[in-house]
Amino acid sequence: MRHIAIIGSGPAGYYTAEAAIKAFGDDVTIDIIDRLPVPYGLIRFGVAPDHQAIKNVARRFETTALNDNVHFCGNISVGKDISVEELQQLYDAVVLATGAPNDRPLDIPNSDLSGVIGSAAFVGWYNGHPDFANLAPPLSGKHVAIIGNGNVALDVARILAKTREEFATSDITENALLALTDSSVESITLLGRRGPHQIAMTPKELAELGHLERAIPIVDPDDLPEPILDSMLEPGIRKSVTHLRNFAQIAATQDSHKPVRIAFDFYASPVKFGGDGKVESLTIERTKLDSDLRSIGTGETYDIPCDLAISCIGYRTPPIDNVPYEHGRGRFASNDGRILPGLYCVGWARRGPSGTIGTNRPDGFAIVERMIEDNIGTSRKTGRAGLNSLMANRKVEIVTFRDWKNIDKLEVEHARQGAPREKITNAEEMIAARKG
Ligand code: NAP
């Protein structure tokens with residue numbers, strides 16, 4: 001029997017488990033270990049609450065989770081409750097599928113002012129992540145600056161702009177919903193350090209900004225390159241740029257009366273925050289592109305008012321003691337997923353935060369291919385039995401998948417009308433809810 005431990009119960013973790021079952025059949029046990037008492041990582045805590053169709057992939061993961069050879073082991077913090085070396089003594093293969101939950105730091109002066117936050121915190125807050133449920137972002141000011149031109153920046157802008165009705169079928173927490181619908185935000189500026197052709201926003205997600213009840217997207221037509229140049233773009237980005245071109249017309253239409261404005265500011269790089277105790281302004285430098293399409297400063301600066309700043313500039317995988325790590329790229333150091341003999345990484349922990357949820361499927365299958373090539377197992381390691389006894393000795397209560405189903409049931413029972421669930425946002429309450 002092969003024993004595999006997967007650390008992290010998000011998409012990369014569950015796709016790896018699915019691949020391992022396909023490859024090894026009944027000759028494998030798979031323990032999916034998570035720091036939190038609830039599964040699904042990015043699906044639960046990263047995907048926007050109003051994107052329920054994307055969250056539905058959890059149903060596929062549940063099929064894997066219910067396989068007799070797969071066990072969810074929640075509430076175990078690797079690095080604290082158990083080390084990677086200890087896991088390697090218990091399992092034939094250990095796979096780090098820990099994602100990239102930490103913000104890439106925005107290294108500009110005064111980033112430590114109150115009201116300057118990263119997307120991990122803000123997204124975690126509206127998605128009820130126990131680490132951020134009490135964030136209370138300041139929403140009493142009019143002006144929000146969002147730094148970055150990727151899909152997370154879009155999520156954050158849209159969530160800030162929606163009405164209570166637009167969240168009706170979402171699983172946003174009631175706490176975040178109350179704060180957002182009581183907010184005074186009127187102007188949201190999306191800062192891109194490069195131009196419209198360099199955005200990392202996908203068309204479907206970008207198009208949503210054009211259909212909001214109380215907000216309109218604003219694009220300055222002068223920022224748009226000559227239309228003929230769009231033909232050189234890859235089709236997805238070309239479609240996104242077409243949306244930007246449409247947005248450039250909106251200000252002149254009947255939608256222009258909507259009270260919230262989401263303005264794209266291209267060729268704009270943040271330089272420093274200003275404010276006394278809390279953020280009040282942001283200084284921006286106008287940029288241009290060099291011949292390699294990198295942004296370079298022009299020396300021209302200007303200030304915008306800013307009551308809340310949210311940097312959406314990418315994520316990093318937190319390092320784990322004694323596991324080789326690429327500091328520059330913020331991910332584990334690996335050779336195509338192989339870190340050390342018997343130790344692997346997969347998903348964002350391997351390749352950095354890029355791609356869609358589905359990108360993790362081939363990633364999961366590829367890492368299991370590596371295990372087959374490396375001839376992992378079958379050894380006399382103890383797998384789950386050893387984990388159980390070690391955790392019992394250390395007084396760590398393992399939360400099982402059956403426990404999760406009890407938590408899930410309670411969340412569904414407490415949902416607002418029309419919503420799929422009301423999330424429990426506190427780890428102790430999750431643990432208390434697990435016996436139903
Ligand atoms: P991302 O796609 O890498 O975008 C990061 C953005 O931040 C880029 O526009 C980048 O600009 C900018 N940036 C980086 N460093 C900066 C700095 N120092 N100053 C100013 N701007 C800076 O990252 P993401 O938005 O966090 O998304 C992560 C992954 O999740 C992506 O693959 C994304 O597609 C995916 N995602 C998908 C969805 C969805 O499908 N619905 C939703 C959310 C996230 P440069 O290009 O100039 O570096």
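Only this structure's heavy atoms are used, side chains among them; waters, hydrogens and symmetry mates stay out. Every number for a ligand or one of its atoms is a count from 1 in the order of the listing. Everything quoted here is computed from the prediction, not taken from an experiment.
A salt bridge between E413 and K409 is present, with a side-chain N of the basic residue lying under 4.0 Å from a carboxylate O of the acidic one. Using a 4.0 Å cut-off between a side-chain N of Lys or Arg and a carboxylate O of Asp or Glu, E174 and K423 do not qualify as a salt bridge. Contact check on R245 versus D230 returns a salt bridge, with a Lys/Arg side-chain nitrogen under 4.0 Å from an Asp/Glu carboxylate oxygen. Salt-bridge check for D265 with R286: passed, with a basic side-chain N closer than 4.0 Å to an acidic carboxylate O. In this structure, K162 does not pair ionically with E213, as no charged nitrogen and carboxylate oxygen lie closer than 4.0 Å. Under the 4.0 Å criterion applied to side-chain N and carboxylate O atoms, R60 and E18 are assigned as salt-bridge partners.
The distance criterion of under 3.5 Å between nitrogen or oxygen atoms is not met by W348 with respect to ligand 1. Residue-to-ligand polar distances place R194 within reach of ligand 1: an N/O pair is separated by less than 3.5 Å. For Q198, no nitrogen or oxygen atom sits less than 3.5 Å from a nitrogen or oxygen atom of ligand 1, counting backbone and side chain alike. Residue N151 has at least one N or O atom closer than 3.5 Å to an N or O atom of ligand 1.
Contact annotation: for D155 versus ligand 1, heavy atoms closer than 4.0 Å belong to the side chain alone. Only the backbone of C312 comes within 4.0 Å of ligand 1, judged by heavy-atom distances. Contact annotation for I147 and ligand 1: only side-chain heavy atoms (C-beta onward) come within less than 4.0 Å of the ligand.
Residue contact annotation: T356 has no non-hydrogen atom under 4.0 Å from ligand 1. Not close to ligand 1: S295, with no non-hydrogen atom less than 4.0 angstrom away. No heavy atom of S269 sits closer than 4.0 Å to any atom of ligand 1. G355 counts as a contact of ligand 1, since one of its heavy atoms falls under 4.0 Å from the ligand.
Closest protein heavy atom to atom 24 (P) of ligand 1: V152 CG2, 3.6 Å. Remark: minimum distance from atom 28 (C) of ligand 1 to any protein heavy atom is reached at P353 O, 3.7 Å.
Protein heavy atoms are found less than 4.0 angstrom from atom 7 (O) of ligand 1.
Across R104, R294, E205, heavy-atom proximity to atom 40 (O) of ligand 1 is greatest for E205.
Partners of D321 according to the salt bridge (Lys or Arg N to Asp or Glu O under 4.0 Å) rule, which considers only residues two or more places apart in sequence or in another chain, do not exist here.
Side-chain contact between F264 and D223: absent, with no pair of heavy atoms (C-beta onward) separated by less than 4.5 Å.
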Donor-acceptor contacts under 3.5 Å from residues 362-371 side chains, at least two apart:
unit_1	atom_1	unit_2	atom_2	d
D363	OD1	R350	NH2	2.8
D363	OD2	G347	N	2.7
D363	OD2	R351	NH1	3.1
R370	NH1	D336	O	3.0

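With Q198 as the fixed residue, the side chain to side chain contact (heavy atoms under 4.5 Å, CB included) test singles out one of N149, L289, I237: L289.
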